[in-house]
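Reading through the structure tokens given below for one structure.
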Amino acid sequence: MTREENEKRLEYLKGIVSRLPDKPGSYQFYDANKTIIYVGKAKNLKSRVSSYFHTEVDRFKTKVLVSKIWDISYTVVKTEEDALLLENSLIKKYNPRYNVLLKDGKTYPSICITNEYLPRIFNTRTINKKWGTYYGPYSHISSMYAVLGIIKELYHPRTCRQPITKEGIENGKYKVCLDYHIKKCKGPCVGKQSFEDYQKSITQAREILKGNTRQVQREMMEEMVHLSDELRFEEAEEVKQKYIALDGFVSKSEVVSHTINNVDVVSITSDEKMAYINYIHVASGSINQSFTIEYKKKLSETDEELLQLGIVELRERFKSDAKEVIVPVEMDLEMEGVTFTVPQRGDKKTLLDLSVMNGKQYKFDRLKQAEKLNPEQKQVRLMKELQEKLHLPSLPYQIECFDNSNISGTDAVAACVVFKKMKPSKSDYKRYNIKTVVGPDDYASMKEVVYRRYHRLVTEEEPLPDLIVADGGKGQMEVIRQVIQDELNLDIPIAGLAKDDRHRTNELLYGFPPMSIQLKTDSELFHVLTQLQDEVHRFAIEFHRNKRSKRALESELDNIKGIGPKGRDALLNGLKSVRRIREADLKTLASIVGPAKAEIVYRHFHEGEPSVQ
């Protein structure tokens, strides 16, 4: 598109904007192919749409959207609520490129009550409103089965799929099935249960699915008293058992407060790319629905904008007529007959906290699911988390950790382990024999090894790590800092892992002077850091143990007169241990070092014994 064409496009669009009314409504942006690319809503159409064409618009994504607009249309409505409803329906209808994308990760099951003469009740993932009325969806499958279970226990609805008609029952067309004989069905298909009684059971089941369990209990209590007054004690006892079963079911549900009835609770948890909106409905003092939807962001939408969209979507989905909606922030939204509440304390605040917790858990579950499909996503997340905790200038792609090992200063060694993308990179591990330190001086040994490591990397122009972790507290951190900053003049972040009195790692240190970084000991990041620490311990101890074993072997063979370093090494390489050298016969030894030296070695280990060929 040439400059002249762009100026002509903008002039045409600004002409449309200048004619927009100062009324609430929904607006639609079209691209060059007459395709809707964005749908929005506004209290004031002229003010809202004109804001897209201000020169001071600084959001990159918004600038990209504006560059794609070739035409604008709008619809005026009476209220902002109507504008929001229209926006929601248009987004779902056209799925515009630059609008948030409502993502249903999977189809949750619902409970269906069919429209048949004798309705059936069952769970399904297929929604066809011609079949019947649907309740749900249920994001917690166990909750759905608990509701189905109590309904089947109380009312024994039929489970057979054959189409049953009034005429068929009157003509004796049907026969009872196994469910009737095992008392899971009362036989309405053959008239064993009256049509009126069956429909009454279905009506009460509907109320339970709506969450009106206390209303059903009141009806049961009234029926029980009425039957007792008429001296129909067996029927009254049957109703009493139903009442007790339903009361037990209700007591297990999350009762909030009997004073809270028919209330929606909506909260949002978001990050740069996604928003998770949780919905809870409370009826008769107890929670009867909890569900979370997710939106994929396109234009850096605010939490309030997404929350408004989510409220409309969820209330429509669950057919809510609640007059109060509990939300986490003040809403610049008016809905007829609806009050928005931002609680600070009490039962309503407890409900809001529960909704937030559910939203965060849903986000975590989705994240774990994505990480199973793409393991690198987890590594990037952990690197970002560590970067944020320590305020690092870049992602800690490569982390290095050091440890010393010696016994009273003898066989002193050190080890360096390398983690890349939060995982061990064993090909990059390094071992060091301590050369300049005499005696058990951990700080001096650490100083030597760190200097040797990074002086060599600088000399050979190899990449430096993004983070150094000291296997210890403030002392080791200071020693590393002296080498890195004072001697080598390098700028590498340094952290430390400190231990408690039980020698258990309990905190992450960073900065100079070192400060404790808040990190939960049961978090994934803490587990990775302790894995780093355990790995450097293992590697250093293994190197130290091998060095001691080799020295012990060498000293044993060095005591044999006539066997030099070459013969000693040949024997060790051939037989691997002193025990196997001691047990070897002359022929085996001769094949390695020759007959003469074989005789010397054999006599050393078998003095006073006759030679065995």
Side-chain angles (χ1 to χ4, degrees), residues 59-61 64 100-106 268-277 292-303 306 356-402 416-429 457 462-471 490-497 505 507-511 517-536:
R59 289 192 294 184
F60 174 75
K61 292 180 179 179
V64 172
V100 292
L101 176 64
L102 176 61
K103 295 169 67 66
D104 280 326
K106 53 185 176 181
I268 184 168
T269 302
S270 66
D271 53 34
E272 293 178 359
K273 296 181 180 180
M274 301 296 297
Y276 306 88
I277 298 177
T292 303
I293 58 174
E294 55 182 304
Y295 284 112
K296 184 178 181 180
K297 296 182 180 180
K298 298 289 184 69
L299 292 175
S300 305
E301 295 83 358
T302 66
D303 281 1
L306 295 171
V356 171
M357 183 182 72
N358 274 273
K360 288 181 177 178
Q361 183 62 44
Y362 181 89
K363 176 184 176 182
F364 179 76
D365 292 343
R366 296 289 285 165
L367 190 63
K368 297 294 285 185
Q369 182 182 9
E371 287 173 355
K372 284 183 179 180
L373 300 175
N374 182 11
E376 283 197 7
Q377 189 171 324
K378 175 181 178 180
Q379 297 160 22
V380 172
R381 174 174 61 86
L382 292 174
M383 286 191 289
K384 283 184 177 179
E385 184 180 349
L386 185 57
Q387 181 185 17
E388 291 171 2
K389 291 283 186 184
L390 304 183
H391 303 288
L392 300 175
S394 61
L395 283 178
Y397 173 81
Q398 181 168 322
I399 304 174
E400 298 186 357
C401 186
F402 296 86
C416 169
V417 300
V418 180
F419 271 37
K420 291 182 177 179
K421 286 188 177 180
M422 309 303 277
K423 287 194 170 186
S425 178
K426 295 191 176 183
S427 61
D428 294 307
Y429 287 11
L457 290 181
E462 293 290 328
L464 297 171
D466 302 295
L467 178 67
I468 299 173
V469 177
D471 174 40
L490 298 175
D491 185 18
I492 305 175
I494 302 166
L497 292 169
T505 302
E507 65 177 343
L508 175 65
L509 301 175
Y510 187 70
I517 305 300
Q518 295 299 321
L519 195 63
K520 292 183 179 180
T521 55
D522 60 351
S523 68
E524 286 183 285
L525 180 57
F526 188 82
H527 289 161
V528 171
L529 293 175
T530 52
Q531 181 191 1
L532 174 70
Q533 191 178 40
D534 293 340
E535 183 69 358
V536 77

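- The 12-atom threshold is not exceeded at NZ of Lys360, counting heavy atoms of other residues, nucleotides or ligands nearer than 6.0 Å.
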Notebook entry, point to check: Yes or no on side chain to side chain contact (heavy atoms under 4.5 Å, CB included) for Val469 and Leu497, after CA distance, side-chain angles and deciding distance?
Noted result: CA-CA 7 Å; Val469 177; Leu497 292 169; 3.8 Å; yes
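- The two residues Leu386 and Leu392 make their nearest non-hydrogen contact at O-CD1, 4.3 Å.
- Checked for salt-bridge contact, Glu524 and Arg381 meet the test: a charged N lies under 4.0 Å from a carboxylate O.
- Scanning both residues, Phe526 and Lys520, for their nearest heavy atoms gives CB-O, 3.3 Å.
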Check: Do Tyr429 and Glu535 pass the side chain to side chain contact (heavy atoms under 4.5 Å, CB included) test, and can you show the C-alpha distance, the side-chain angles, and the key distance before you say yes or no?
Finding: CA-CA 10 Å; Tyr429 287 11; Glu535 183 69 358; 2.9 Å; yes
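- The structure places OG of Ser270 at 7.5 Å from CG of Leu306, a figure rounded to the nearest 0.5 Å.
- Heavy atoms only, all atoms of each residue included: Gln387 and Pro396 are closest at CB-CD, 4.0 Å.
- Side-chain contact between Met274 and Lys297 is absent, with no heavy-atom pair separated by less than 4.5 Å.
- Atoms OG1 and CD1, on Thr292 and Ile268 in that order, are 11.5 Å from each other to the nearest 0.5 Å.
- If you take NE2 on His527 and CG on Leu532, they are separated by 14.5 Å, rounding to the nearest 0.5 Å.
- Taking the ring-ring contact (aromatic ring centres under 6.0 Å, His included) definition, one finds that Tyr295 meets it with nothing, sequence neighbours left out.
- For the side-chain contact (heavy atoms from CB on, under 4.5 Å) with Leu467, the lone residue among Leu390, Ile494, Ile492 that qualifies is Leu390.
- A pairwise comparison of heavy atoms in Thr269 and Gly359 identifies OG1-C, 4.0 Å as the closest pair.
- Judged purely by atom type and a 3.5 angstrom limit, Lys389 uses its side chain to pair as donor or acceptor with the backbone of Gln518.
- With rounding to the nearest 0.5 angstrom, the CG atom of Leu382 is 8.5 Å from the OG atom of Ser523.
- Distance check: Leu395 CG to Asp466 CG gives 8.0 Å after rounding to the nearest 0.5 Å.
- Note: Gln531 CD to Leu529 CG = 9.5 Å, rounded to the nearest 0.5 Å.
- The environment of Asp491 atom CG is sparse: at most 12 non-hydrogen atoms of other residues, nucleotides or ligands sit within 6.0 angstrom.
- Closest of all the heavy-atom pairs between Pro393 and Pro493 is CD-CG, 4.4 Å.
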Notebook entry, point to check: So Leu102 and Lys296, side chain to side chain contact (heavy atoms under 4.5 Å, CB included) or not? Walk me through it.
Noted result: CA-CA 7 Å; Leu102 176 61; Lys296 184 178 181 180; over 6 Å; no
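- For the pair Lys420 (side chain) and Asp428 (backbone), a donor-acceptor distance under 3.5 Å is absent.
- Residues passing the side-chain hydrogen bond (donor to acceptor under 3.5 Å, both in side chains) test with Lys421 are Glu376, sequence neighbours excluded.
- Scanning all heavy atoms of the two residues, the minimum distance from Glu301 to Lys298 falls at OE1-N, 3.3 Å.
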Next item on the list: Please assess Glu385 against Met383 for the test side chain to side chain contact (heavy atoms under 4.5 Å, CB included), listing each intermediate value before the final yes or no.
Entry: CA-CA 5 Å; Glu385 184 180 349; Met383 286 191 289; over 6 Å; no
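- Judged purely by distance below 3.5 Å, without hydrogens or angles, the side chains of Asp471 and Gln533 pair a donor atom with an acceptor atom.
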